[in-house]
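To start, the structure under review is shown below, and the notes come after it.
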Amino acid sequence: MIALILRDVRRGYAGGGATLTIGFFLLVAILFPFAIGPDAALLARVGGGVIWAAALLAALLPVERLVGPDLEAGVFDQLAVRGQSLAVVAAVKMVAHWLAFAPPVMAAALLSAGLLGLDARTLVAVEAGLAIGTPGLAALAVATGALTAGLRGAGAIAGLVLLPLAIPLLIFGAGSITGGEGLKLLAAVSLLLLAGAPFVAAAAIRAGME
Amino acid sequence: MIASLALSDVACRRGGRLLFAGVSLSLGAGGAALISGPNGCGKSSLLRLVAGFARSFAGTISVTGRVALLGEASALDGDRRLASALLFWARLDGLPDPPARVADALAAVALDTLGDVPVRLLSTGQRRRAALARVIAGGAGLWLLDEPATGLDVASIALLEQAIARHRAAGGVVLVATHQPLDVSGALTLDLFAHQPVAA
């Protein structure tokens, strides 16, 4: 299983995967000041929410690469014939995707905080929220990747599947910035996604193998 | 090596259509069977039933020993060097000394000079032999080979036949789906066309 995690993490970072995530994230964060205007106070107020929206959009980027290529290459066939449970394989893929996805996102959030003029307290709250929320987001991305694997235009459909399901993460993530119980609720949503997504992904992969 | 395979009255249904029915087969140590039949008669589907990817519509399938599958795709990462791509699977198989097993398997399919070449640069036939090397290195008792001769030249087909013969000599069992003639001595022949359900 460690070998499988290492393989997927390596594939995640290969071919500029991290650069792509950071670049896309920053681009979304830069779009908001252009759209809203250079009002520093206003930007600082909406900045935390902007970072969360950017994180959600950046999570869409790798979805097509997570499950589809492995399904096509027969990797799941080979794992299944070795008696590996597909739900465990899916969970392993989620861990690997989180390791490849969360560090670039949290680094990009740090840079965006400078662009949006966030203060230190907000930045800490945003990074804490991302650390708790990204596991759920990674689980959702793998499940979405499995559901849309092999479809034409999988990337576009993945957006329609993933974004609505990620709304609770966005609400509690952005809500946690102002304090209160947001962080705990965010952790609850993240855990719920982590617990359910491996089984959804495994069922989708099994259907794709037939 | 402990391996055996028994099919009893197996039927397969895909997409609402009965592909074949009443297939029975029993293979003990050293046994081999060639599955033949025209395209679409369910050769690959039968192998995938035995591999446990789908449940048979009727009948029972019992397998003892570990199973190795040579499918349509090679399941080797294109950006990795051949030897390390094979090593990934050899490690998962959990047998002692995976690097030596991979080196032996590469020699058995005459790819020992290409271990440092990225998989994506291999030709169709070389990739097929690489996938066969993965099966050999795995050391499983039951081999399920789906069209193993596709894309292979005459010399490579001889290597494939030798690999099958060595595996059987060590007590392994081989089930091959093929529409090309393969020289597998004493192998049973299972013509799936004869097991097609009678059209209503």
Side-chain angles (χ1 to χ4, degrees), chain A residues 1-20 62 64-93 95-97 99-100 145-146 149-150 201-210, chain B residues 12-16 19 44-45 47-57 63 65-81 84-95 98 118-120 127-128 130-131 134-135 137-146 175:
Chain A
M1 287 297 107
I2 304 287
L4 202 54
I5 291 181
L6 287 178
R7 166 185 180 266
D8 273 24
V9 170
R10 204 182 52 84
R11 282 167 67 91
Y13 281 106
T19 331
L20 207 64
E64 265 184 292
R65 290 185 290 136
L66 291 176
V67 176
D70 278 354
L71 196 62
E72 210 172 304
V75 171
F76 290 112
D77 288 353
Q78 291 300 328
L79 289 168
V81 89
R82 282 165 176 75
Q84 306 280 1
S85 143
L86 285 177
V88 172
V89 171
V92 163
K93 279 196 139 357
V95 172
H97 176 47
L99 290 173
I205 291 167
R206 185 160 283 280
M209 275 165 58
E210 279 195 18
Chain B
C12 172
R13 194 178 148 110
R14 275 199 80 176
L19 280 179
S44 298
S45 296
L47 289 187
R48 296 179 76 82
L49 285 184
V50 175
F53 297 162
R55 227 168 293 160
S56 58
F57 181 60
V63 174
R66 286 194 300 121
V67 180
L69 172 75
L70 175 69
E72 204 181 325
S74 70
L76 297 170
D77 292 338
D79 57 341
R80 268 193 158 169
R81 291 169 198 283
S84 70
L86 287 169
L87 200 55
F88 169 73
W89 291 111
R91 291 224 166 95
L92 276 188
D93 285 318
L95 292 174
V119 173
R120 68 189 149 82
R127 208 168 298 192
R128 204 78 194 132
R134 188 195 60 227
V135 171
L142 172 59
W143 286 8
L144 304 173
L145 310 179
D146 191 359
L175 190 60

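Here is how names work: the chains are called A, B, and so on, in the same order as the sequence lines, proteins then strands, and each is numbered from 1.
Nearest heavy atom pair, residue Leu4(A) against residue Phe88(B), reads CD1-CZ, 3.5 Å. Taking all atoms of both residues into account, the shortest heavy-atom contact from Arg206(A) to Phe53(B) is NH1-O, 3.5 Å.
Contacts between Arg91(B) and chain A at a heavy-atom distance below 4.5 Å are absent for every atom of the residue. For Leu79(A), the parts lying near chain B are the backbone and the side chain together; criterion is any non-hydrogen pair under 4.5 Å. Heavy atoms of Glu72(A) lying under 4.5 Å from chain B belong exclusively to its backbone.
Heavy-atom neighbours of Arg81(B) CZ from other residues, nucleotides or ligands within 6.0 Å: at or below the threshold of 12.
When the side chain to side chain contact (heavy atoms under 4.5 Å, CB included) test is applied to Leu95(B), the partners found at least two apart in sequence or on another chain are Arg66(B), Arg101(B).
Here the CZ atom belonging to Arg7(A) is positioned 11.5 Å from the OG atom belonging to Ser84(B), to the nearest 0.5 angstrom. To the nearest 0.5 Å, the span separating CG on Asp77(A) from CD on Glu72(B) amounts to 10.0 Å. Atom CZ in Arg80(B) sits 4.5 Å away from atom CZ in Arg10(A) (nearest 0.5 Å).
Chain A forms more heavy-atom pairs under 4.5 Å with one residue of Asp79(B), Leu92(B), Asp93(B) than with any other, namely Asp93(B). Between chain B and the residues Gly74(A), Ala80(A), Ala73(A), the most heavy-atom pairs under 4.5 angstrom are made by Ala73(A).
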